[in-house]
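Notes to accompany the following structure.
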Amino acid sequence: MLAFYRNNQPFVIFSIVFTAFVLWAPYFIDSEVLLRDLTFQKQPLDIMSLVYSWNKYLLFAISLILCLFLAFQVSYINLSQQLIEKRNYLPALFFLLSMSWIPDLKICVNSQIALIFIAFAFNIMLSSYSQKNNLFAFFDSGLLIGLASLFYFPFSVFLLVLGIAIVLFQMPAWRNFLTSIIAFLVPWLFYYGIYYFINGSVRELNQLINNLLFSSQAFRDFNVLHWVFAGISIFTILLSSVHFIKNINHMTVRGKRVFYLFLWTFIILLVQYFVLPIHENMILLGLAIPLSFLFTLYFSVIKSDWKGNLIFNFYFFSILIAQYLFVFKA
């Protein structure tokens, strides 16, 4: 099965799309069971609440389309930036799988729209390595992150990721950081201006942002099976990371810095999730991009023998089964 998904033929695209439908099917089969524990906070541009109030099945359909777009957007980044030597569609597959071990991540339209902007920003950041002294790259990245934060405010933390990209890929000059910050603020200045023009006050908007940062929300309790499948995901992450570290001396300078950027992205998002009072699962959606590249690099180079297929199948099918846990609930 590993050899099948490592192929770069068009039929793999159809297989990945079919896999996405299998991952989303539970929401169409028994949505009430899966939605009863769904919690999400209102965002400045709150698309999810609007669509959810219209029709829950429309929400599922939109989220599926957005996630497929994101999956192949991540795959495009891999091809255009040549992050991994072997060309295949594994980044798209692992993006879908990485965001599926917590089912709620798959239907949060706001964070998915935000992540589209973040993916575009990542592509520009990675391109900046070969474009020295290009302030437009940092302005465009900051602008995209600012737009993303309007749809999902916790993704403002990607501004720190942009700062790390500047240090890794360019000279850490003050104007690069200042340009990024100004660009990030541009969408917010326009949004505040429009909000004030329509409402005559920005008090409610300020309160909304305060709630997004400081409103306390407890960690969600998972059942035993969820923790088992989360453990399988973490085990696969450790395997991939160990392989990465073992081979890091054979990587190019650019490859190493890209790895460090994704590593810092992973760390920053996890710290944000545990430190902020709002322990919202949707924050973890941002991890899907670095994880998809980490898994792709690992599964692109390991041998397609019984051991490689065992690890791949173990991860792949455990994620698929995790989507249907509601069947085993009393």
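Listed for the Q272 side chain is no donor-acceptor partner under 3.5 Å among the backbone atoms of V157. Side chain of N110 to backbone of M48: a donor-acceptor contact under 3.5 angstrom is found. The backbone N or O of N176 lies less than 3.5 Å from a partner atom in the side chain of S180, making a donor-acceptor pair. S98 places no side-chain N or O within donor-acceptor distance of the main-chain N or O of F95, the cut-off being under 3.5 Å.
Annotation: side chain of F136 is not in contact with side chain of T179 (no heavy-atom distance under 4.5 Å). Put simply, the side chain of V161 does not reach to within 4.5 Å of the side chain of L269, judged on heavy atoms. Taking the side chain as every heavy atom from C-beta outward, L96 and C67 approach each other to under 4.5 Å. Counting only heavy atoms from C-beta outward, the side chains of F262 and F122 approach each other to under 4.5 Å. Counting heavy atoms from C-beta outward, L294 and L263 have side chains that stay 4.5 Å or more apart.
Crowding of K42 atom NZ: a count of heavy atoms from other residues, nucleotides or ligands under 6.0 Å not exceeding 12. Atom CZ of F11 has more than 12 neighbouring heavy atoms from other residues, nucleotides or ligands inside a 6.0 Å radius. A 6.0 Å sphere centred on CZ of F4 holds more than 12 heavy atoms belonging to other residues, nucleotides or ligands.
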Worksheet item: Is there a side chain to side chain contact (heavy atoms under 4.5 Å, CB included) between L160 and W264 once you walk through the steps?
Response: CA-CA 9 Å; L160 294 178; W264 274 109; over 6 Å; no
Practice prompt. Given side chain to side chain contact (heavy atoms under 4.5 Å, CB included), test L144 with I118 step by step and report yes or no.
Written response: CA-CA 7 Å; L144 287 165; I118 296 299; over 6 Å; no
Discussion item. One pair to check against side-chain hydrogen bond (donor to acceptor under 3.5 Å, both in side chains): S63 and Q112. What are the steps and the verdict?
Written reply: CA-CA 7 Å; S63 69; Q112 290 163 1; 4.7 Å; no
Item to complete: Given ring-ring contact (aromatic ring centres under 6.0 Å, His included), test F138 with F177 step by step and report yes or no.
Response: CA-CA 8 Å; F138 307 126; F177 296 105; 8.4 Å; no
Discussion item. Using the rule given for side chain to side chain contact (heavy atoms under 4.5 Å, CB included), can you reason through I113 versus Y152, listing the C-alpha separation, both sets of side-chain angles and the distance that settles it, and then say yes or no?
Written reply: CA-CA 8 Å; I113 295 173; Y152 190 62; over 6 Å; no
Item to complete: Go through the steps for Q207 and N210 under the test side chain to side chain contact (heavy atoms under 4.5 Å, CB included), then give the verdict.
Response: CA-CA 5 Å; Q207 184 60 47; N210 182 73; 3.7 Å; yes
Item to complete: Could you walk me through whether N199 and E204 pass the side-chain hydrogen bond (donor to acceptor under 3.5 Å, both in side chains) test, one step at a time?
Response: CA-CA 9 Å; N199 298 286; E204 290 185 6; over 6 Å; no
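L189 and I209 fall into different hydrophobic clusters, where Ile, Leu, Val, Met, Phe, Trp and Tyr are joined by side-chain heavy atoms under 4.5 Å apart, directly or via other members. In the hydrophobic clustering of this structure, V22 groups with V12; members are Ile, Leu, Val, Met, Phe, Trp, Tyr whose side-chain heavy atoms approach within less than 4.5 Å, directly or through other members. L297 and Y76 are not part of a single hydrophobic cluster, where members link through side-chain heavy atoms under 4.5 Å apart. Using a 4.5 Å cut-off between side-chain heavy atoms of Ile, Leu, Val, Met, Phe, Trp and Tyr, with links allowed through other members, L185 and F190 fall into different hydrophobic clusters. In this structure, V186 is not a member of the same hydrophobic cluster as L178, with clusters built from ILVMFWY side-chain heavy atoms closer than 4.5 Å.
Aromatic pair F94/F293: ring centres not closer than 6.0 Å. Annotation: W188 is in aromatic contact with F153 [ring centroid separation under 6.0 Å]. Checked against the 6.0 Å centroid criterion, the rings of F60 and F28 qualify as a close aromatic pair. Remark: aromatic rings of F155 and F158 are close, center separation under 6.0 Å. Aromatic rings from F299 and Y5 are positioned such that their centres are separated by 6.0 Å or more.
Nearest heavy atom pair, residue G142 against residue L162, reads N-CD2, 3.6 Å. The two residues F184 and S149 come nearest to each other via the heavy atoms CE1-OG, 3.7 Å. Residue S100 comes nearest to L23 through the heavy atom pair OG-CD1, 3.6 Å, listed as atom of the first residue, atom of the second, then distance. When all heavy atoms of P91 and S292 are compared, the pair lying nearest together is O-CB, 3.6 Å. When all heavy atoms of W24 and K106 are compared, the closest pair comes out as CZ2-O, 3.4 Å. In plain terms, the two heavy atoms of P290 and T265 that are nearest each other are CG-CG2, 4.2 Å.
Side-chain contact, N206 with Y192: a donor N or O sits under 3.5 Å from an acceptor N or O.
For the pairing with V109, the side-chain contact (heavy atoms from CB on, under 4.5 Å) check across V51, L50, I47, D46 returns one residue only, I47. The side-chain contact (heavy atoms from CB on, under 4.5 Å) with L90 is formed by just one residue from the set N7, I16, T296; it is T296.
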